[in-house]
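Since the structure comes first, as structure tokens, the remarks are kept for the end.
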Amino acid sequence: MTITPDDFPIRKIATIVEEIRHDGGPPAAVPRRRAAALVLVKNPFAGAYHADLQPAMDALKPLGLEMTKRLIAALGGIDGVDGYGKGSLVGSAGELEHGALWHVPGGYAMRDALGEALAIVPSSKKVGGMGASLDIPIGHKDAAYVRSHFDSMEVHFPDGPKPDEILFALVMTCGPRVQNRMGGLEADKISLRDGQR
């Protein structure tokens, strides 16, 4: 089975930007921003088992690039972007493994666009019905142990995914949680450059 980008036609795409000024404490000197790019695409594998799914990751790479560009534009450029995450929500006629198609197209697109992004891109996936929500885990782009950037962003489309669709999502953030005070490795103390510390 040959898979191309045309096998994943887009029904709907959205970009969401949040500016978080405080979380019950004093206002942040610099508000935190979180942005998500969401897309609903047709799932060409819905309704049947397919042994070989990996070629579809290449077919989805242009979509990963498009969504990454949307996020960067929504945040005004890459300056200040220091966190990211990704996720997928598969409609009920698909299977969880169809959501795993997003690992390479979504993750590598963000890492490449942000330059020296060393940390693994946190990820979530699940199967769900129309209107289901998905929590996208977020971590620092350079070091997984930067505790101030542990977070998540809830995303959803009220009318998707339909049973034969997949919702793919990417998230980028600027800055730590606004009232972070749980210690751990601070972003300006990253030194090992190993993606962890």
Side-chain angles (χ1 to χ4, degrees), residues 1-18 34-75 81 83-114 117 119-139 141 144 151-173:
M1 182 178 185
T2 302
I3 297 290
T4 72
D6 292 339
D7 291 305
F8 294 93
I10 295 171
R11 176 165 74 89
K12 197 173 193 180
I13 193 164
T15 306
I16 302 161
V17 180
E18 296 180 347
R34 295 191 302 199
L38 320 176
V39 64
L40 281 172
V41 300
K42 184 165 181 63
N43 180 358
F45 303 111
Y49 176 81
H50 299 270
D52 187 13
L53 297 173
Q54 290 188 31
M57 285 193 284
D58 283 336
L60 286 166
K61 284 180 179 178
L63 182 58
L65 290 171
E66 178 185 348
M67 292 175 67
T68 296
K69 289 176 183 176
R70 282 175 170 267
L71 277 180
I72 291 171
L75 291 169
V81 175
Y84 52 26
K86 66 184 187 299
S88 49
L89 176 59
V90 181
S92 60
E95 60 174 287
L96 187 63
E97 198 66 7
H98 301 161
L101 291 168
W102 197 228
H103 283 309
V104 170
Y108 281 91
M110 288 194 295
R111 291 175 77 173
D112 288 348
L114 295 175
I120 192 166
V121 182
S123 180
S124 65
K125 67 188 69 55
K126 72 179 188 180
V127 175
M130 285 180 52
S133 62
L134 182 67
D135 289 333
I136 308 294
I138 299 165
K141 71 178 183 68
D151 195 5
S152 65
M153 186 171 180
E154 183 179 352
V155 300
H156 82 287
F157 276 120
D159 60 344
K162 294 180 179 179
D164 64 346
E165 291 181 328
I166 305 174
L167 185 160
F168 291 126
L170 298 178
V171 169
M172 289 183 187
T173 61

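In what follows, residues are counted from 1 in the order of the sequence shown.
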Check: residues 2-13 side-chain donor-acceptor pairs under 3.5 Å, at least two apart:
residue : atom : partner : partner atom : Å
Thr4    : OG1  : Asp6    : N            : 3.3
Asp7    : OD2  : Thr4    : N            : 2.8
Arg11   : NE   : Glu165  : OE2          : 2.6
Arg11   : NH1  : Asp159  : OD2          : 3.1
Arg11   : NH2  : Asp159  : O            : 2.6
Arg11   : NH2  : Glu165  : OE1          : 3.1
Lys12   : NZ   : Asp159  : OD1          : 3.0
Lys12   : NZ   : Asp159  : OD2          : 3.2

* Given side chains that start at C-beta, do those of Leu114 and Val81 come closer than 4.5 Å, heavy atoms only? -> yes
* Structure fact -> Note: Val155 and Ala169 closest approach over all heavy atoms is CG2-CB, 4.2 Å
* **Test log, rule side-chain contact (heavy atoms from CB on, under 4.5 Å), inputs Leu38 and Ile16** => CA-CA 8 Å; Leu38 320 176; Ile16 302 161; 3.9 Å; yes
* Please list, chain by chain and in numerical order, all residues satisfying side-chain hydrogen bond (donor to acceptor under 3.5 Å, both in side chains) with Glu18, sequence neighbours excluded. => Arg34
* **CA sep, side-chain torsions, deciding dist, call: Leu53, Leu101, side-chain contact (heavy atoms from CB on, under 4.5 Å)** => CA-CA 8 Å; Leu53 297 173; Leu101 291 168; 4.1 Å; yes
* To do: Just do the side-chain contact (heavy atoms from CB on, under 4.5 Å) check on Lys126 and Leu134 with the steps written out, would you?
  => CA-CA 8 Å; Lys126 72 179 188 180; Leu134 182 67; 4.0 Å; yes
* Could you give the distance from CD (Glu95) to NE2 (His50), rounded to the nearest 0.5 Å? -> 8.5 Å
* Asked: Does Ser152 reach the main-chain N or O of Pro137 with its side chain, forming a donor-acceptor pair under 3.5 Å?
  -> no
* Under the side-chain hydrogen bond (donor to acceptor under 3.5 Å, both in side chains) rule, collect the residues that match up with Arg111, sequence neighbours excluded. => none
* Structure fact -> Residues passing the side chain to side chain contact (heavy atoms under 4.5 Å, CB included) test with Ser133, sequence neighbours excluded, are Glu154, His156
* Are the side chain of Tyr84 and the backbone N or O of Lys141 linked by a donor-acceptor pair below 3.5 Å? -> yes
* Asked: Which pairs, with at least one residue in residues 39-48 and sequence neighbours excluded, count as a side-chain hydrogen bond (donor to acceptor under 3.5 Å, both in side chains)?
  -> Lys42-Asp164, Asn43-His98
* **Closest non-hydrogen atom pair, Leu89 against Gly128** => CD1-N, 3.7 Å
* Asked: So how far is it from Phe168 CZ to Lys86 NZ, rounded to the nearest 0.5 Å?
  -> 11.5 Å
* To do: Using a cut-off of 6.0 Å, state whether more than 12 heavy atoms not belonging to Leu96 lie near its atom CG.
  => yes
* **Partners meeting side chain to side chain contact (heavy atoms under 4.5 Å, CB included) with Ala14 (sequence neighbours left out)** => Phe157
* Asked: Taking all non-hydrogen atoms of both residues, which atom of Val127 and which atom of Gly91 are closest, and how far apart?
  -> CG1-O, 3.9 Å
* Which pair of non-hydrogen atoms, one from Gly129 and one from Pro161, has the smallest distance, and what is that distance? -> O-CD, 3.7 Å
Donor-acceptor pairs under 3.5 Å, side chain of residues 54-74 to any protein atom, not counting sequence neighbours: which ones?
residue : atom : partner : partner atom : Å
Asp58   : OD1  : Lys61   : NZ           : 3.0
Thr68   : OG1  : Gly64   : O            : 2.8

* **Closest heavy-atom pair and its distance - Ile138, Met153** => CD1-N, 4.0 Å
* To do: Could you pull out all residues at least two apart from Ser124 that satisfy side-chain hydrogen bond (donor to acceptor under 3.5 Å, both in side chains)?
  => none
* Residues Val121, Met110; criterion side-chain contact (heavy atoms from CB on, under 4.5 Å); working and verdict -> CA-CA 9 Å; Val121 182; Met110 288 194 295; 3.7 Å; yes
* Asked: Which atoms form the tightest heavy-atom contact between Ala100 and Ser88, and what is the distance?
  -> N-OG, 4.4 Å
